[in-house]
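To start, the structure under review is shown below, and the notes come after it.
To find a chain, count down the sequence lines: A is the first, B the second, and so on, and within it residues start at 1. What you see below is based on every heavy atom in this structure, not just the backbone, and it leaves out hydrogens, waters and symmetry mates.
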2 protein chains.
Amino acid sequence: MRERLSGIDRPTIVDVAKVADVSRQTVSRVLSDHPRVAPATRRRVEEAIENLGYRPNRMARALVTRTSLTFGFAAVDMRNSHFGDTCSGMQSAAREHGYYLVVTELDFDDDRGMGTLETLLTLGVDGVAFFPSFFADKEIELFAATSGCPVVMIGREAKIPNVVSIAMDEDRAADLVVGHLVDTGKRRIGILMNEMFPEVVHGRFVALQRAVTERTEVGNPPVEAGHPKIQQGRNATKKLLTKHPDVDAVIGFNDTMAMGALLACHDLGLRVPEDVAVVGYDGISFGAITNPPLTTIVQDSIGMADAAFKALLAAVQNGTPPDGEVVSWQPELLTRGST
Amino acid sequence: MRERLSGIDRPTIVDVAKVADVSRQTVSRVLSDHPRVAPATRRRVEEAIENLGYRPNRMARALVTRTSLTFGFAAVDMRNSHFGDTCSGMQSAAREHGYYLVVTELDFDDDRGMGTLETLLTLGVDGVAFFPSFFADKEIELFAATSGCPVVMIGREAKIPNVVSIAMDEDRAADLVVGHLVDTGKRRIGILMNEMFPEVVHGRFVALQRAVTERTEVGNPPVEAGHPKIQQGRNATKKLLTKHPDVDAVIGFNDTMAMGALLACHDLGLRVPEDVAVVGYDGISFGAITNPPLTTIVQDSIGMADAAFKALLAAVQNGTPPDGEVVSWQPELLTRGST
DNA sequence: TGACACGATGTGAACGTTCACACTAAGGTG
DNA sequence: CACCTTAGTGTGAACGTTCACATCGTGTCA
């Protein structure tokens with residue numbers, strides 16, 4: 001046997017076969033629970049497997065079966081627990097169905113994340129989900145066409161051939177948020193946008209702008225942008241409130257930006273929600289422990305993760321790639337102290 | 001070509017070779033930037049690759065080279081951003097060095113997580129890190145011995161053959177926490193323990209118990225246990241404060257439990273930090289936005305992630321498995337409003 | 001001009017596994 | 001008793017790639 005770099009050699013199916021005094025195929029049959037193996041033989045093989053500490057090589061297996069029972073999931077920012085939630089949800093779904101989930105963080109510097117997806121493919125996954133999408137529809141279409149496996153996009157609605165997209169109904173969410181703010185007497189609503197990913201962000205922005213324009217007399221909302229993080233949300237809010245002192249409500253692109261907004265209000269000596277109301281998007285668990293607790297649009301991450309997995313599974317099982325399907329998810333407004 | 005389940009067939013190196021009118025080896029040489037390829041040939045091959053949308057099959061490659069340039073990372077709870085931080089840190093480190101990181105969530109129900117590790121191995125990773133460890137030293141030793149690749153454990157110090165363990169200096173952390181509480185006039189310190197993973201938890205518990213006993217007259221601290229989550233921390237704190245009304249400081253096993261403690265104090269009408277001080281462990285970013293902001297022991301997740309990656313890399317490059325090395329990480333106390 | 005180096009390319013084997021098929025022995029059926 | 005079935009097992013080929021080696025020109029030097 002050739003040496004591995006690490007110096008230790010793992011036993012192969014042939015090693016097991018030798019020890020159990022059978023052929024590799026018989027070992028393979030034991031591994032896959034084939035019925036036609038004599039009980040005594042099976043026992044001998046199992047013993048050999050146990051003694052040698054044999055583990056089947058999934059890569060070799062995938063090579064010949066052309067199926068790895070593995071899906072890939074690429075998410076943008078593991079530090080934001082919203083993505084962690086979704087990732088965790090997909091893991092559970094995958095496990096339940098005998099699949100394995102390989103998670104990877106989208107590396108924006110590697111061709112805006114496309115490099116990460118490419119590498120995921122080379123790993124031999126049976127399907128790919130990504131969340132969210134930095135890419136233009138055309139790019140995704142091309143990727144899906146050449147990927148050779150089903151592709152699911154989470155976080156943005158888009159009718160793209162061979163791609164299932166799973167996203168929240170942004171119009172409904174915007175109506176919920178803005179409606180609630182107006183109902184509680186707010187009149188001048190500002191928006192904190194995510195400056196990073198125009199493709200992802202656009203839908204939410206348009207929906208919010210529409211809702212604000214429709215429901216307030218003042219019309220077009222003032223906007224400030226920053227990275228979707230706490231500190232950047234804080235800075236953006238300060239700018240927003242300084243430029244527009246009449247703003248009495250701030251909508252954050254996501255919960256972390258909204259958390260930054262809470263801090264900014266505190267910095268500026270403004271009371272929340274009396275002087276300025278704050279709303280976020282996502283519904284991450286840490287929203288419950290802010291001061292005051294954060295009102296937010298809850299995206300059912302587990303549900304969406306589950307849907308993403310099911311879409312991949314269905315595509316694999318039916319042998320047909322998914323087809324421009326859009327799964328729309330209903331948002332819920334979780335009202336807490338910040339409004 | 002046989003059909004894949006998904007119905008689309010990916011081009012192979014042979015397809016590329018045919019189109020470029022060369023042999024597979026020449027294509028392989030182009031892929032690996034071998035110097036002895038004629039410029040014209042190289043161009044022809046690159047064109048063919050581009051046109052066909054060819055992507056090398058990492059599994060086939062790994063099979064023959066016995067190296068996948070991939071490390072596996074298994075973490076317990078993606079929803080807790082502490083693990084997300086570490087995971088993100090390892091990803092960056094891996095990418096910097098041309099490695100790919102495959103992340104997976106430890107499934108406690110699958111042989112207490114050992115099943116997850118086993119599956120990770122079958123994926124053909126060149127090394128494995130896990131965080132934290134639910135396993136007994138003997139189990140880990142056995143796993144490392146048969147894994148055939150370097151193993152790194154994050155989150156607990158342990159001298160185990162062929163395993164590098166990376167952990168915070170728990171004694172120092174406990175001294176920092178308890179010292180700080182005593183310095184600010186606290187005398188009766190309660191502890192919120194993690195009831196889930198005795199193996200991980202033990203070290204921190206012992207250290208805290210020692211520090212409290214050493215530094216307060218009252219001696220042995222009252223303890224309440226729960227899962228390391230916000231709600232369970234809240235419940236545990238209520239129990240603790242009800243049973244022991246004299247407690248004037250609560251140390252949470254991690255930040256999420258401590259966040260629960262903040263909520264519990266609020267529920268009980270106790271002022272933080274005047275009536276009860278609260279400290280957490282981990283230093284997750286959301287600790288900045290609690291009310292009041294959470295004092296916490298900061299574990300340098302990025303640094304530890306980096307160290308974990310470097311340990312794996314070194315082991316792979318030196319061809320020798322790591323050897324019971326313990327990398328001790330210095331904790332820092334981040335003092336904020338909750339103490 | 002022969003010997004030789006070297007650049008450029010191709011070929012067989014191997015990695016660890018499963019698939020398709022072949023084979024043997026035992027048992028049942030007419 | 002010849003025939004067929006079936007349980008149990010083994011063998012060659014293939015998956016997509018790289019490694020080690022072989023081959024074939026072309027140019028250089030004595």
Side-chain angles (χ1 to χ4, degrees), chain A residues 1-5 9-45 48-49 52-70 121-126 148, chain B residues 1-5 9-45 48-49 52-70 121-126 148:
Chain A
M1 292 189 234
R2 216 186 320 172
E3 282 287 293
R4 295 190 99 216
L5 276 175
D9 243 316
R10 297 231 289 253
T12 74
I13 203 171
V14 177
D15 298 326
V16 174
K18 263 184 214 144
V19 170
D21 198 31
V22 293
S23 71
R24 25 173 184 57
Q25 186 57 25
T26 300
V27 178
S28 175
R29 275 191 270 258
V30 170
L31 288 173
S32 56
D33 258 325
H34 190 98
R36 277 187 226 170
V37 178
T41 312
R42 181 180 300 266
R43 224 171 307 123
R44 234 171 41 242
V45 170
I49 289 175
L52 290 173
Y54 166 76
R55 300 178 184 86
N57 183 327
R58 235 178 146 96
M59 297 185 298
R61 188 179 276 176
L63 206 54
V64 39
T65 60
R66 307 176 132 248
T67 302
S68 62
L69 294 180
T70 302
L121 278 188
T122 66
L123 245 50
V125 294
D126 293 346
Chain B
M1 291 189 233
R2 215 187 320 172
E3 283 286 292
R4 293 190 101 216
L5 277 175
D9 241 316
R10 298 230 291 252
T12 74
I13 202 171
V14 177
D15 298 325
V16 175
K18 261 185 216 143
V19 169
D21 198 31
V22 293
S23 71
R24 35 177 195 7
Q25 186 57 25
T26 300
V27 178
S28 175
R29 273 191 270 257
V30 170
L31 288 173
S32 57
D33 258 327
H34 190 97
R36 279 188 224 168
V37 179
T41 312
R42 182 181 299 269
R43 225 171 307 122
R44 235 172 40 242
V45 170
I49 289 175
L52 290 173
Y54 166 77
R55 300 180 185 85
N57 183 328
R58 235 180 146 94
M59 297 186 299
R61 189 180 274 177
L63 205 54
V64 39
T65 60
R66 307 177 131 246
T67 302
S68 62
L69 294 180
T70 302
L121 278 188
T122 67
L123 246 50
V125 294
D126 294 345

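- Rounded to whole angstrom, the span from the CZ atom of Arg61(B) across to the C1' atom of dC19(D) amounts to 14 Å.
- We find that Arg42(B) and Asp33(B) are joined by a salt bridge, their nearest charged nitrogen and carboxylate oxygen being less than 4.0 Å apart.
- To the nearest 0.5 Å, atom OG1 of residue Thr26(A) and atom CZ of residue Arg29(A) are 5.0 Å apart.
- Relative to the axis of its first five pairs, the axis of the last five pairs of the helix from dT1(C)-dA30(D) to dG30(C)-dC1(D) sits at 60°, rounded to 10 degrees.
- For the pair Met59(B) CE and dT18(D) C1', the computed distance is 16 Å after rounding to whole Å.
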Begin from the C-alpha positions of Thr41(A) and Val22(A) and carry the test side-chain contact (heavy atoms from CB on, under 4.5 Å) through to its verdict. CA-CA 8 Å; Thr41(A) 312; Val22(A) 293; 3.7 Å; yes
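- Proximity of Leu121(B) to Arg58(A): side-chain heavy atoms (C-beta onward) are nowhere separated by under 4.5 Å.
- Nearer to the 5' terminus of DNA chain C, by closest-nucleotide assignment, is the contact made by Pro35(B) (compared with the other of Leu63(B) and Pro35(B)).
- Rounding to the nearest 0.5 angstrom, the gap separating the CG atom in Leu63(B) from the CZ atom in Arg61(A) is 13.0 Å.
- Distance check: Leu52(A) CG to Lys18(A) NZ gives 10.5 Å after rounding to the nearest 0.5 Å.
- One atom, NE2 of His34(A), and another, P of dG10(D), lie 13 Å apart when rounded to the nearest Å.
- Heavy-atom minimum distance, Ile13(A) versus Ser28(A): CD1-N, 3.8 Å.
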Chi angles and distances behind the side-chain contact (heavy atoms from CB on, under 4.5 Å) call for Ile49(A), Leu31(A): CA-CA 10 Å; Ile49(A) 289 175; Leu31(A) 288 173; 3.8 Å; yes
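- Relative to the side chain of Arg66(B), the nucleotides dT18(C), dC19(D), dC15(C) differ in distance, and dC15(C) lies closest.
- Whole-Å rounding puts the Leu123(A) CG to dT17(D) P distance at 14 Å.
- Considering all non-hydrogen atoms of both residues, Asp21(A) and Arg44(A) come closest at O-NH2, 3.7 Å.
- Within residues 36-44 of chain A, the residues having any heavy atom closer than 4.0 Å to DNA chain D are, in order of number, Arg36(A), Val37(A), Ala38(A), Thr41(A).
- Listed by residue number, the members of residues 21-31 of chain A with any heavy atom below 4.0 angstrom from DNA chain D are Val22(A), Ser23(A), Arg24(A), Gln25(A), Thr26(A), Arg29(A).
- Thr67(A) and Asp126(A) form no side-chain donor-acceptor contact under 3.5 Å, judged by distance and modelled atom types alone.
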